[in-house]
Amino acid sequence: RHGGANIKVQEMFDCIKANVGNRKDDGALTDMKLLHYIDADTDNPVYASDSDGVLFNADGTVLVQAPTRFETYVVPEGVTEIGAYAFSGSTKLQAVYFPNEGVTTIGCNAFAGCIRLDNVILPDGLTRIEMNVFNRCSALVEVTIPASVPEIRDSAFHECRALKDV
């Protein structure tokens, strides 16, 4: 058991099958460098996964955890929240694209440690940038923040040494 999840590691395929339980543990699967795929059991009432092996809540509105294998990721339409730690430690991630509208929340540490992420255009309708969202994103050069964001929490851009334009 790991953070409320039964995890079976299939080393041969670099695959993790998660039959996730009824509690949400933010960051339970974070910093797992070999996490290439998450497969939620189809009978799970709380979580679902898509064909890319990304974990969502059951109705697909919260992106809970993405595998670390992505270099580029397009957030699907219908997602309203990027969960805390969702991409944390994804050292290969260079770009993430949000739908023009819909995402209102990005949880704390969501992109922390994404050391190759270099340019982010945050979506219209985002209401707050949480703590440590881009902490240690050392390649981050530019962030576009929409007018809908009235608050940026502490350390949102901590150790983003390449950041030149916000």
Side-chain angles (χ1 to χ4, degrees), residues 3 18 20 22-31 35 37-38 40 44-166:
V20 186
N22 289 325
R23 31 183 288 237
K24 178 181 175 188
D25 286 326
D26 290 333
L29 301 176
T30 197
D31 282 333
L35 180 63
Y37 195 88
I38 303 168
N44 191 304
V46 179
Y47 295 103
S49 53
D50 67 6
S51 61
D52 289 326
V54 177
L55 187 67
F56 296 88
N57 68 339
D59 67 6
T61 58
V62 179
L63 190 156
V64 176
Q65 184 71 49
T68 58
R69 66 182 162 77
F70 292 108
E71 291 180 13
T72 300
Y73 186 76
V74 178
V75 177
E77 295 285 338
V79 171
T80 59
E81 178 181 345
I82 307 297
Y85 300 93
F87 290 88
S88 182
S90 294
T91 58
K92 295 178 184 177
L93 188 67
Q94 297 173 24
V96 61
Y97 299 98
F98 297 94
N100 290 335
E101 297 178 344
V103 176
T104 59
T105 305
I106 300 176
C108 65
N109 292 291
F111 296 97
C114 294
I115 59 173
R116 291 194 175 102
L117 187 63
D118 64 1
N119 185 343
V120 176
I121 299 173
L122 296 171
D124 289 333
L126 187 66
T127 58
R128 184 160 94 176
I129 298 176
E130 288 291 346
M131 292 174 55
N132 299 312
V133 168
F134 297 104
N135 183 18
R136 298 182 335 271
C137 291
S138 53
L140 191 60
V141 174
E142 184 175 355
V143 177
T144 303
I145 301 172
S148 60
V149 176
E151 181 180 6
I152 299 173
R153 301 284 311 270
D154 293 343
S155 301
F157 300 100
H158 183 66
E159 293 189 31
C160 294
R161 293 187 174 109
L163 191 59
K164 295 177 183 168
D165 196 15
V166 178

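All values below were derived from every heavy atom in this structure, side-chain atoms included, with hydrogens, water molecules and symmetry-related copies excluded. Small disclaimer: the values here were computed from a predicted structure and weren't measured. Residue numbers start at 1 and run along the sequence shown.
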Between Phe70 and Val96, is a side chain to side chain contact (heavy atoms under 4.5 Å, CB included) present by the stated rule, with each step listed? CA-CA 9 Å; Phe70 292 108; Val96 61; over 6 Å; no
Output all residues satisfying side chain to side chain donor-acceptor pair (under 3.5 Å) with Asn132, sequence neighbours left out; order by chain, then residue number. none
Taking only residues two or more places apart in sequence, or in another chain, which ones meet Thr80 in a side chain to side chain donor-acceptor pair (under 3.5 Å)? none
Quick one, Val64 and Ile38 - any side-chain contact, counting heavy atoms below 4.5 Å? no
Among all residues two or more places apart in sequence or in another chain, which pass the side chain to side chain contact (heavy atoms under 4.5 Å, CB included) test with Pro76? Phe56, Tyr73, Val79
Using the test ring-ring contact (aromatic ring centres under 6.0 Å, His included), find all partners of Phe134 that sit at least two apart in sequence or belong to another chain. Phe111, Phe157
Could you state the interatomic distance from OG (Ser155) to CZ (Arg136), rounded to the nearest 0.5 Å? 11.5 Å
Quick one: list whatever passes side chain to side chain contact (heavy atoms under 4.5 Å, CB included) with Thr144, sequence neighbours left out. Ile121, Glu142
Below 4.5 Å, heavy atoms only, C-beta onward: do Val54 and Pro67 meet side chain to side chain? yes
Identify, with sequence neighbours excluded, every residue that meets side chain to side chain donor-acceptor pair (under 3.5 Å) alongside Asn57. Asp59, Thr61
In chain order, what residues pass the side chain to side chain contact (heavy atoms under 4.5 Å, CB included) check against Ala48, with sequence neighbours excluded? none
The criterion is side chain to side chain contact (heavy atoms under 4.5 Å, CB included); which residues satisfy it with Ala162, sequence neighbours excluded? Val141
side-chain contact (heavy atoms from CB on, under 4.5 Å) with Phe98: which of Leu126, Val120, Asp124? Val120
Please, which pairs that meet side-chain hydrogen bond (donor to acceptor under 3.5 Å, both in side chains) have at least one residue in residues 101-114, sequence neighbours excluded? Tyr85-Asn109
Pairwise distance OH(Tyr37) to OG1(Thr68) - rounded to 0.5 angstrom: 14.5 Å
Any donor and acceptor pair, going by atom type alone, linking the side chain of Gln65 with main-chain N or O of Ala86 inside 3.5 Å? yes
Using 0.5 Å steps for rounding, measure from the CG atom of Leu140 to the CZ atom of Arg116. 14.5 Å
Could you grab the distance from atom CG of Asp154 to atom CG of Asn135, nearest 0.5 Å is fine? 11.5 Å
In chain order, what residues pass the side chain to side chain donor-acceptor pair (under 3.5 Å) check against Arg153, with sequence neighbours excluded? Glu130
Any side-chain heavy-atom pair of Ile129 and Ile145 under 4.5 Å: yes
CD on Gln94 to CD on Glu71, rounded to 0.5 Å: 5.0 Å
Gap between atom OG1 of Thr72 and atom CG of Leu117 - 0.5 Å precision: 10.0 Å
